[in-house]
Visitor: 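Following this message is one structure expressed as structure tokens.
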Amino acid sequence: MMPALLIALLVLPASVPAGDAPVMRAENLGDRPLFIQPLLLAVANLDQRISTTTETVERARLTHQRALVLEQLTRTILSEGGNGFAATPTANELQRLHDTVSSARRSGDKTAEMTAILRLNNAILDQSFTDLLTTVARDWIRFATASDFSRAFNHFEHRTAFNQVPFGRAVQRLEAGKATTLSDAEQALIGAYRDYSQRAEVYDAVAQSLFGFVKGAATSNLVFHWLGISALIGAIDAQPWAIDINARMLPGSQYSIGQLISVGQLFAAVALFLVLTGVGLILLPVLLRLVRRAFPKQARSAQQDPTESERFFRLLKQSFLGPLRFLLVLIAIGQTTRILFLRESDERILGVIASLYVVLVVWALLRLIDNFVTLYSSELLHRYPTLRGELVNFLSSVTRFVVIVVALLYLLQHFGFDIRALLASLGIGGLAVAFAAKETIANIFGCISIIVDDMFQQGDWIVTPNGEGTVIDVGLRSTKIRTFDNAVIFLPNAYVAGIDVRNWSRRKLGRRIKFTLGLEYGSDMQQVKKTVDDIRAMLIAHADIADSSTDTTKYTKQQLGKISDAMDGYGIKRTLLVYLDALGDSSIDILIYCFSKTIDWEGWLRVKQDVIFRCCAIVEANGLSIAFPSQTLYLRQDDRHAEDTVASNA
């Protein structure tokens, strides 16, 4: 599912085309265009619309759109070398503006002087912005470090430092007196101030976005410097044969293989890819074996549990070895892509690789959760007897679900979807989702009900209307039962939580043995009474039969002085009854009713068999016999009928 989502997101456009950029409104910005680049115009328009919007959802949508425009603008600046985004004044134009300021200052016209200063700073701002873009684009191509980028942005901030407060106050005073007619000079001042403010805001937003973008790559650039990648590329490209090949590979020629991809870049990319993949696929497993040998091994048998250090090392290896190897391969692909396609404006390949990093992190976390439960659950359950295995499984399932949902939301945000607007719209679609997922929600609450009510747990022998068997697992959706004929029954948790469930495993002491021993009619009743007493004494003395004297302290800490029914809560039965029960159709019946100490089925069968053998021996020792189903027929002859028969014969 995750790879399909990434492919789908890769196909979708992740940026706002320049043709779809919002158009500046004349009533807000004046008739004269401030920017010669459409994306700069789009940023200015979005800033104004955000400032005038009070609706939360619409404001979030516009803010997200502004971020997309800035991202596309940043990539365009880097791909085009930073040229053509602002009108760069010539030296003669700057000198002319300086002369205008000096002339207005000598004439004493404050309004004209302020207008001239604003126009001069407008030109300086354009020049500083162009210098910044070209410098950053140049440093970007040569794999500059973070210090180089920081120096360029600090220089831009220093050159554009300008106190607008006096000019803003003057404009506010003029706008406050709108009732009076403004002169041409005053209107020119207001227009110059608006132009400068607008440019300063947009240029600052672009500079911040650009700085954040290139600063993210500064770490890789620093690694390139440490590894000598930049020096290697420069040394190879300086060779005469490489210069000749690079000249034929320039864009526009028939030998073009990319946008300014040099021989040095190709060689460095291949070398870096081979090194990183070799480390991930070959060297990393060898290093893990060496680290494993560093841990001292303790002599133990194969049946003994692993030590704490062995368990921890196994947890790390099973959880992170696979993702770490893929991570190194992805880093190799990502860094070689940066080397080869550094000047490309569309970096969707790098975007997909960055999202795959998230997938690897999610994969590692899911493996960590599963392996932690596998390696540590038995120890936790042994250390904390009150801890339920189902609760551990439930928490692990919920954690896995949360990790996947957070990762999906991050990926959607990464590929340009407005998550805030999506979450804001969930209130409308929440009802439909609730109806569609009502069965799933009911099963989740059923799982919680089963765990909270402690109906059963893993390994319990239960009986339901749909089957009988041993509980395998209580999942988020269904309960799995292994029947005694080795089949599996899947029952929805919502159904299980609402039916009658008989739990045979909730017995700590006592599994019932109940049968009737039949003696033949004609037995001496004194011997029958002695047989009953002997059987009772035998059961009381039996080591595997529970009675009132059986110690229960290891089963419960509750005092035995309380009423006996309190033991039912702990699953303890110690009843022992041996009595002459009935005169049956063909036997004198003795009821034998007791409980074995063991609750295991095989152990219970063994104890029951021993009790039956001993009872038979007691019956034989007392000179009695065990009755079997029989029927005696008595024939009675009528005397009068017999006399008539004799007379007639005479």
Side-chain angles (χ1 to χ4, degrees), residues 1-15 60-61 63-65 67-68 71 212-213 215-217 219-220 276 280 284 315-335 337-338 346-377 392-427 429-430 432-434 436-437 440-441 443-444 447-448 475-477:
M1 176 181 177
M2 194 72 72
L5 177 62
L6 293 175
I7 294 174
L9 293 175
L10 178 61
V11 175
L12 294 175
S15 59
R61 187 188 68 81
T63 303
H64 179 71
Q65 187 178 4
L68 293 180
E71 182 178 358
F213 186 89
K215 190 177 180 180
T219 303
S220 299
L276 290 178
L284 185 60
L315 175 67
L316 295 180
K317 180 180 178 181
Q318 295 178 357
S319 301
F320 298 113
L321 177 59
L324 186 57
R325 296 172 73 175
F326 279 99
L327 176 63
L328 290 175
V329 174
L330 277 180
I331 291 176
I333 296 174
Q335 297 308 317
T337 303
R338 285 199 65 241
D346 190 358
E347 298 182 358
R348 294 190 182 182
I349 297 178
L350 294 179
V352 172
I353 293 176
S355 63
L356 288 177
Y357 292 151
V358 180
V359 175
L360 286 180
V361 171
V362 173
W363 181 25
L365 289 178
L366 296 182
R367 288 169 61 96
L368 178 64
I369 294 170
D370 291 341
N371 292 320
F372 181 84
V373 173
T374 301
L375 296 174
Y376 287 93
S377 59
V392 175
N393 292 336
F394 177 77
L395 293 177
S396 65
S397 299
V398 171
T399 305
R400 290 167 56 91
F401 177 77
V402 170
V403 169
I404 293 174
V405 169
V406 171
L408 288 176
L409 292 177
Y410 176 82
L411 290 176
L412 290 174
Q413 180 73 26
H414 178 75
F415 282 99
F417 290 88
D418 190 1
I419 299 302
R420 289 174 295 183
L422 177 62
L423 295 177
S425 62
L426 286 181
V433 173
T440 302
I441 296 175
N443 288 326
I444 293 176
C447 174
I448 297 175
L476 288 178
R477 197 199 71 83

Visitor: Any salt bridge (Lys or Arg N to Asp or Glu O under 4.0 Å) involving residues 392-410? Give me the pairs, sequence neighbours left out, ordered by first then second residue.
Guide: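 Non-adjacent pairs meeting salt bridge (Lys or Arg N to Asp or Glu O under 4.0 Å): Asp370-Arg400.
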Visitor: Just jot down the side-chain contact (heavy atoms from CB on, under 4.5 Å) partners of Leu327, sequence neighbours excluded, or say none.
Guide: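 Leu327 satisfies side-chain contact (heavy atoms from CB on, under 4.5 Å) with Leu324, Ile331, Tyr357, Leu360 only.
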Visitor: Using side-chain contact (heavy atoms from CB on, under 4.5 Å) as the criterion, point out the one residue from Leu408, Val402, Val406 that pairs with Ile404.
Guide: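 Filter result, single survivor: Leu408.
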Visitor: Are the side chains of Thr399 and Leu365 in contact, using a 4.5 Å heavy-atom criterion?
Guide: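 No; the side chains remain at least 4.5 Å from each other.
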Visitor: With sequence neighbours excluded, tell me which residues meet salt bridge (charged side-chain N to carboxylate O under 4.0 Å, His left out) with Arg477.
Guide: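 Salt bridge (charged side-chain N to carboxylate O under 4.0 Å, His left out) check on Arg477 returns nothing, list empty.
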Visitor: Looking at side-chain heavy atoms only, is the closest gap between Phe326 and Leu330 below 4.5 Å?
Guide: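 With C-beta onward as the side chain, the pair stays apart.
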